[in-house]
Every structure is written in C-alpha cells, then in structure tokens.
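Below is one structure, written out as structure tokens, with a few remarks after it.
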Amino acid sequence: MDVMPQQDPESRRPPEPSPQDPQDPHDPHDPHDPQNPYAMPAEGATAVPPPPPTLRTTLRRAAFGAVAAGVLLAGALVAVPDGDRDAPKEPGPVERAEAAATAGSPASLSDLTALIGDRQKWVESHPDDAPSWATLGSAYVEWGRRSADAAYYGRAEEALKRSLDARPGERGNGEAWVGLAALANARHDFVAAKRWGETVRKQDPKAWSVYPVLIDAYTGLGDVKAATAATEKFGELRKGVPALARTADLYRGQGWREDALATAREAADRAAEPAEKAEALHRLGELAWERGEPEEAVAQFDAALRTDSGHHASLAGKARALVALERTDEALAAYQSAVTGLPRPEDVLELGELYESLELDGDARSQYEELGGLLEQAKAAGVDESVIRARYESDHGDPAVAVELLRGQWKKQHRSAAVADALGWALHRAGKSEEGLEYVQQAVDTGVRNASYAYHLGVIEQKLAQYGPARRHLEEALRTNPAFSPLDAPKAREALETLGEPSPGGPGDTQPPPPPPPAPVPEPKRESEPEPKPERKQEPEQEPKRESPRPEAPAPAPSKTAPAPSKAAPGSPAAVEADASKSP
C-alpha cells in the first residue's frame, strides 16, 4: 500500500551543530589555547603563573565549595520533582488523532495523515491485527471525505474487508461494520449505511460510535423520526461537543433556528481542539448565512480559518457570503482558493453560477466542464452524486436527464428534503409543473428554512396561476436570505414585480367562501295531526303601526375576505322591500 506523502518529523527540528574536526588539535571552546583566536589574553604584563595558595586558603575554599554544592543540590531537588522521568510526554499527532476518534471528534488533517502512515506501517508487519485494519479503513474514509478525494474510498473498502477477514463482525469486530456504514454514507448509499449501522446497534445498543453513521443514513433517507431518535440516543451515550453538534444539525434541519443557534454556540464554546473548534465555528457561519446575515457569516468563517487554516469548507462559505456583500473580487479569490484546496462539486457549481451571473460565460463554461470531470471521477470511485448533477442539468443542461436521475434516487428511498426539492424543480423545468409542485411542497413542509426551496415553490405556483401562494413564497425566500443565489435571487425579485401588489381585498384564495347554509330537513308527518292550513297573507294596511321607530344598528364594515353581497333577484321579497324604501 502506498503511503501518503508527509513531512518527516526530524526535518522540523533545528540542525544540530557540526562535530569538531579530529585532525584540528585546537579546541575552539578552550579559552586558554594561545592559538585560539577566541582565547582570553593573559592577565598582567607577562604570563607568569601566580604563586600557589596557602594551606589555610585551600581549606577555606574547600569548605566554601562544599557548602555551595549542598545549596545547589538542594535547589536541584526542589526544582526537579520526583519521578520526572515517568512524567507523561506531550501527545504526538498519532495520539491526538486516536484521541479525537475515541471522543467522536474530527482530527486535524496533519494528525490524520500521521495516523494513516502509522497504521499502514503497522499492518505490514501485523497483517492479522483486525482493530488496526479497521482504524486504517475508517481513517481512509475520513481523509477521502475531508479532502474530497474519492479515490481513498476504494482503499478504505479494502482495509475494512481485511479487518473482517481477520475477525468477523459477529465475533466482536463491530468497528469494521461501523467503518463500512461510514463508507456507504460517504458514497451516498444511505440504504447500505442504514443496514450496516442497524446491524451494529442490534448487536450492541450501547456502542455510541454507531449512532453518528445512523444519523447520517436516516437523514439521507429523509426519515426524520428515526434521525431524531438516533440523535437523542447519541446524546445519552456520548455527552459533550459531538452530541451538541449533532443536536444543532437536527434542529437546523427542522427549522428550529433559535434552538439550533443556541446549541451550536454551546458546542463552539466548549470545543477545545483546533479541528473541533473550526468545525463548530463553521456551523455558526452556515447558520448565519441561512438567516441572511452575511456579515456575521464572514466573521464566523474567518474565525474558523484562523483556528484551522486548512478548513477549505469555511473558505467556500466565506466566498458565498462575500457575494451577498457585493465584494465580488474577494469572493472570486476565495472561491478559487477553496475549489483548489478542496474541489467539492457543489462549490465548483456555485463558482460557475457566480461567473454566469457576472456574464463571464467563458469562465462559467470552464467551471461546468470541471464539474463534469469531478462527477465522472466520483462515479468511478462508487460515489453517487446524482443530486449535484441533477441540479446542474435542471438549470444549465437537460431537465429530462435530471428527472431521470432523481426518480432513481426516489426509488432508492433517498427522500430527503434536498432530493424532494431537486426532483420537484426538475419536473417543473421539464414541463411537468403540477407533478413537481407536490415534491417541492414536501421539501418546504419539512420545516427547513431554505430560501431556494421557497423560491422553487413560488415559481411553480406562479406557473400554475396560484398567484397568492406564489407571492407569499417568493417573499419568504427573499425574507429568509435576500442573496441566497447570484442567479436566482434576482429572478425572485423579478417574479414578484410581475405579480404586482395584492388587491385591497387580498388574494381570492387566502379565504375560502363560507359554506352554504344546510337545507332544512322536513319533519316527518304524523297521522294523527291534520294537515296545517296555509296562513292567509295579511294585507299591508292591517299591520300594526309602531309608536316610535327603533334606531337601526349601524351596518358592520365590509370584511376584506367576505364575498360581496349578491344582487337581489327581481320580484323577491328583498327587492320588494328595496323598492318600497325608495318610494317617498
């Protein structure tokens, strides 16, 4: 197996001083060597040695030396604690990476690199060490995910299989099964991840390490109830920053902004290691961006980058927020650095759309071509990037291809809000707006505060002449995040201008008409009672006159949502009364 290039720890040490030449008899450190250019000059006019000291002087010097030596020895015993040789060493990169994995936290990329190199070297001489193979496989998965290099997923699969060959999962090698679940999640095969994870949970319900992969699998499948239960169980078994981070993500997915923000802040405050701290600050930046607060987002992403300069996801997030602040040159530079250091397909697509919004069509085409190459590499490594490819095809390619890809995802039970929104939008773009409306509505109904989802729903409703809901959802998209997309946010404002202002009475479909009064049910006839005779109509002149007319109550103000009163038919009692009131 090939080892990733890494810097030799010895190369980071300062160079040692060169040894003395054995052929040179002159010691450069001897101050009394007469041929030493750094030798001290002789005292006085000549170099005659002083006379020998007397016996009294010799004894006095010896006594003083003994006392001084005792004082120095006592000071040394005080300064150096007992057992200094047994004091723990500062943990190295391998130990730090192992500690992070044990705590369920991310390790820095440099520490992760050291751990991979250490385990590679170890299993070469210990091929039957199942735990080391499992650790190596899981580290490969994490490295591939964090570096956007899908080639490492094949190495991860090989290492995890070697672990299971050395010790099957039924004999206690649950960590290899957890590694396979994490690998399936990284490849977006959430059904397989769920199967591996639930196998481990059935074998050992208290194995906390299985719950993060189960949360990811349930989220990818759109099973909110199961994801919530797994998150709660993880919080019971593993307290601290990892549980807080997972809980914040759960709240965010359900649209509970205040709870997500409070939990994410607590996670950032309690994070200690740089990689863990950077991840927590990045989450705060994402939440600020979704709230439409680009200044706060830039501040949080900058804090994450100061904590971990290699956190390229924060660099892409910062670029997105800089676009909203109209700092376009800085945004382009940040995007280019991000996709160079971490070529994630979603970031490459965003950069292409930014170029397109700036009418830099050549640069946009270059980015879309790069996106196509990344998607092909991912497919060759077994990674399913159908959602990203469908998003590109819906807006920049062939919507029919997008529909086919996303219908395949739906059949695989991949029914998250992201898949539902992408499928609904692709159907609309392919001319099937009525069918697409159902899927986008399902994405919005999850509660997630995503401006793009609201925008898609509003556009489809406008196409279907549902102008009231269309206006409401377009306004929601721009209220959630006024700059949610350099291409779509201006289109949302255009659509609102086309719809115009609502009528004074409000949209007709915001208040349904009142139901008609129930028809009177005739009472059953009784045999003993005779048929009632029709009452004779009383002549108008026989009506009793009122002594003093009562003042009429003021008519209620017309309701904005109530239907207009219908005109009385000619000849009806209402029409007769109206004519009588007009007569002098």
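Note that these values count all heavy atoms, side chains included, but never hydrogens, waters or copies made by symmetry.
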Open item on the list: Are Tyr140 and Leu160 packed together at the side-chain level, in the sense that at least one heavy-atom pair is separated by less than 4.5 angstrom?
Closed with: no
Task: Check: Gly92 main-chain N/O paired with Glu95 side-chain donor or acceptor under 3.5 Å - done: yes
Task: SB check Arg407 Glu435 (cutoff 4.0 Å) - done: yes
Task: N/O donor-acceptor pair under 3.5 Å between Asn185 side chain and Val213 backbone - done: yes
- [ ] Identify whether the distance between the nearest side-chain nitrogen and carboxylate oxygen of Asp421 and Arg391 falls below 4.0 Å.
- [x] no
Open item on the list: Within the 3.5 Å criterion, strictly below it, is a donor on Gln413 or Asp223 matched to an acceptor on the partner's side chain?
Closed with: no
Task: CG on Asp118 to CD on Glu98, rounded to 0.5 Å - done: 7.0 Å
- [ ] For the pair Arg320 and Glu286, evaluate salt bridge (charged side-chain N to carboxylate O under 4.0 Å, His left out) and give the outcome as yes or no after the intermediate values.
- [x] CA-CA 10 Å; Arg320 196 180 308 121; Glu286 290 289 344; 3.7 Å; yes
- [ ] State the CD-CD1 distance between Gln466 and Ile460, to the nearest 0.5 angstrom.
- [x] 10.0 Å
TODO: State, with a plain yes or no, whether a side-chain heavy atom of His188 is found less than 4.5 Å away from one of Val387.
DONE: no
- [ ] Starting from the C-alpha separation in whole Å, work towards a yes-or-no answer on side-chain contact (heavy atoms from CB on, under 4.5 Å) for Ile388 and Leu371.
- [x] CA-CA 9 Å; Ile388 296 295; Leu371 173 65; 4.2 Å; yes
TODO: Taking all non-hydrogen atoms of both residues into account, name the closest pair between Leu214 and Lys194 and its distance.
DONE: CD2-O, 4.1 Å
Open item on the list: Side chains of His396 and Glu353 only: does a donor on one sit below 3.5 Å from an acceptor on the other?
Closed with: yes
Open item on the list: Nearest 0.5 Å, please: how far is OG in Ser110 from CG in Leu115?
Closed with: 11.5 Å
Open item on the list: Test your reading of the model: is there a side-chain donor-acceptor pair from Arg344 to the backbone of Ala148, 3.5 Å cut-off?
Closed with: no
Task: Donor-acceptor contact below 3.5 Å, side chain Glu461 vs main chain Ala470 - done: yes
Task: Working for side-chain contact (heavy atoms from CB on, under 4.5 Å), residues Tyr335 and Leu322 - done: CA-CA 10 Å; Tyr335 260 130; Leu322 288 172; over 6 Å; no
Open item on the list: Please find the pair of heavy atoms, one from Asn481 and one from Ala451, that lie closest to each other, and give the distance.
Closed with: CB-CB, 4.1 Å
- [ ] Check whether any side-chain heavy atom of Glu290 sits under 4.5 Å from a side-chain heavy atom of Phe484, and report yes or no.
- [x] no
Open item on the list: Just verifying a value: how many Å separate Asp249 CG and Leu244 CG, rounded to the nearest 0.5 Å?
Closed with: 11.0 Å
Open item on the list: If you count heavy atoms of other groups shown closer than 6.0 angstrom to CH2 of Trp256, is the number above 12?
Closed with: no
Task: Side chain Arg252, main chain Ala260, donor-acceptor under 3.5 Å - done: no
Task: Trp196 to Ala181 - nearest heavy-atom pair and separation - done: CB-CB, 3.8 Å
- [ ] Might you point out which heavy atoms bring Ala278 and Ala304 nearest each other, and give the distance in Å?
- [x] O-CB, 3.6 Å
- [ ] Please check if the side chain of Arg265 supplies one atom and the backbone of Leu284 the other of a donor-acceptor pair under 3.5 Å.
- [x] no
Open item on the list: As an exercise, state the distance from OG1 of Thr446 to OH of Tyr453, rounded to the nearest 0.5 Å.
Closed with: 7.0 Å
Open item on the list: Is any side-chain heavy atom of Thr328 closer than 4.5 Å to one of Val323?
Closed with: no
Open item on the list: I'd like to know whether Leu358 forms a side-chain contact (heavy atoms from CB on, under 4.5 Å) with Asp363, so could you lay out the CA-CA distance, the side-chain angles of the two residues, the decisive distance to 0.1 Å, and finally the verdict.
Closed with: CA-CA 10 Å; Leu358 299 172; Asp363 293 323; over 6 Å; no
- [ ] Taking Arg146 for its side chain and Ala107 for its backbone only, find out whether a donor-acceptor pair lies under 3.5 Å.
- [x] yes
Task: Stepwise ring-ring contact (aromatic ring centres under 6.0 Å, His included) check, His428 with His456 - done: CA-CA 9 Å; His428 163 71; His456 291 161; 8.7 Å; no
Open item on the list: Side chains of Thr228 and Gln254: any donor to acceptor distance under 3.5 Å?
Closed with: yes
Open item on the list: Whether Arg155 engages the ring of Tyr152 as a cation-pi pair (distance to the six-membered ring centre under 6.0 angstrom, angle to the ring normal within 45°) should be assessed.
Closed with: yes
Task: salt_bridge(Glu296, Arg291) N-O dist < 4.0 Å - done: no
Open item on the list: Counting neighbours of CZ on Arg238 that are heavy atoms of other residues, nucleotides or ligands and sit closer than 6.0 Å, is the number greater than 12?
Closed with: yes
Open item on the list: With a 3.5 Å distance limit and no angle check, can you tell me whether Arg389 reaches the backbone of Asp384 through a side-chain donor-acceptor pair?
Closed with: no
- [ ] Report the C-alpha separation of Leu349 and Tyr368 in whole Å, then their side-chain angles, then the decisive distance to 0.1 Å, and conclude whether the side-chain contact (heavy atoms from CB on, under 4.5 Å) test is met.
- [x] CA-CA 7 Å; Leu349 177 58; Tyr368 295 149; 4.0 Å; yes
TODO: Please confirm whether Tyr439 and Trp410 have ring centers closer than 6.0 angstrom.
DONE: yes
Task: Any donor-acceptor N or O pair under 3.5 Å, side chains Glu438, Gln442 - done: no
Open item on the list: Is it true that, when you exclude Glu404 itself, more than 12 heavy atoms of the residues, nucleotides or ligands shown sit nearer than 6.0 Å to its CD?
Closed with: no
Open item on the list: Counting C-beta onward and ignoring hydrogens, is there a side-chain heavy-atom pair between Glu385 and Leu374 closer than 4.5 Å?
Closed with: no
Task: Least distance between heavy atoms, Ser108 atom then Ala275 atom - done: N-CB, 3.6 Å
Open item on the list: With side-chain hydrogen bond (donor to acceptor under 3.5 Å, both in side chains) as the test, pick out the partner of Ser105 among Glu273, Glu276, Glu279.
Closed with: Glu276
Open item on the list: Quick check on Glu434: does its CD atom have over 12 non-hydrogen neighbours (other residues, nucleotides or ligands) under 6.0 Å away?
Closed with: no
Open item on the list: Are the side chains of Leu332 and Tyr355 in contact, using a 4.5 Å heavy-atom criterion?
Closed with: yes
Open item on the list: Do the side chains of Lys379 and Glu376 get close enough for a salt bridge, i.e. N-O under 4.0 angstrom?
Closed with: no
- [ ] Identify the heavy atoms of Leu315 and Ala334 that sit nearest to each other, and give their distance.
- [x] CG-O, 3.6 Å
Open item on the list: Any heavy-atom pair between the side chains of Ile215 and Leu250 that's under 4.5 Å?
Closed with: no
Task: From Trp143 atom CH2 to Ser138 atom OG, the distance as rounded to the nearest 0.5 Å - done: 16.0 Å
Task: Flag side-chain contact, heavy atom, 4.5 Å: His473 against Tyr455 - done: no
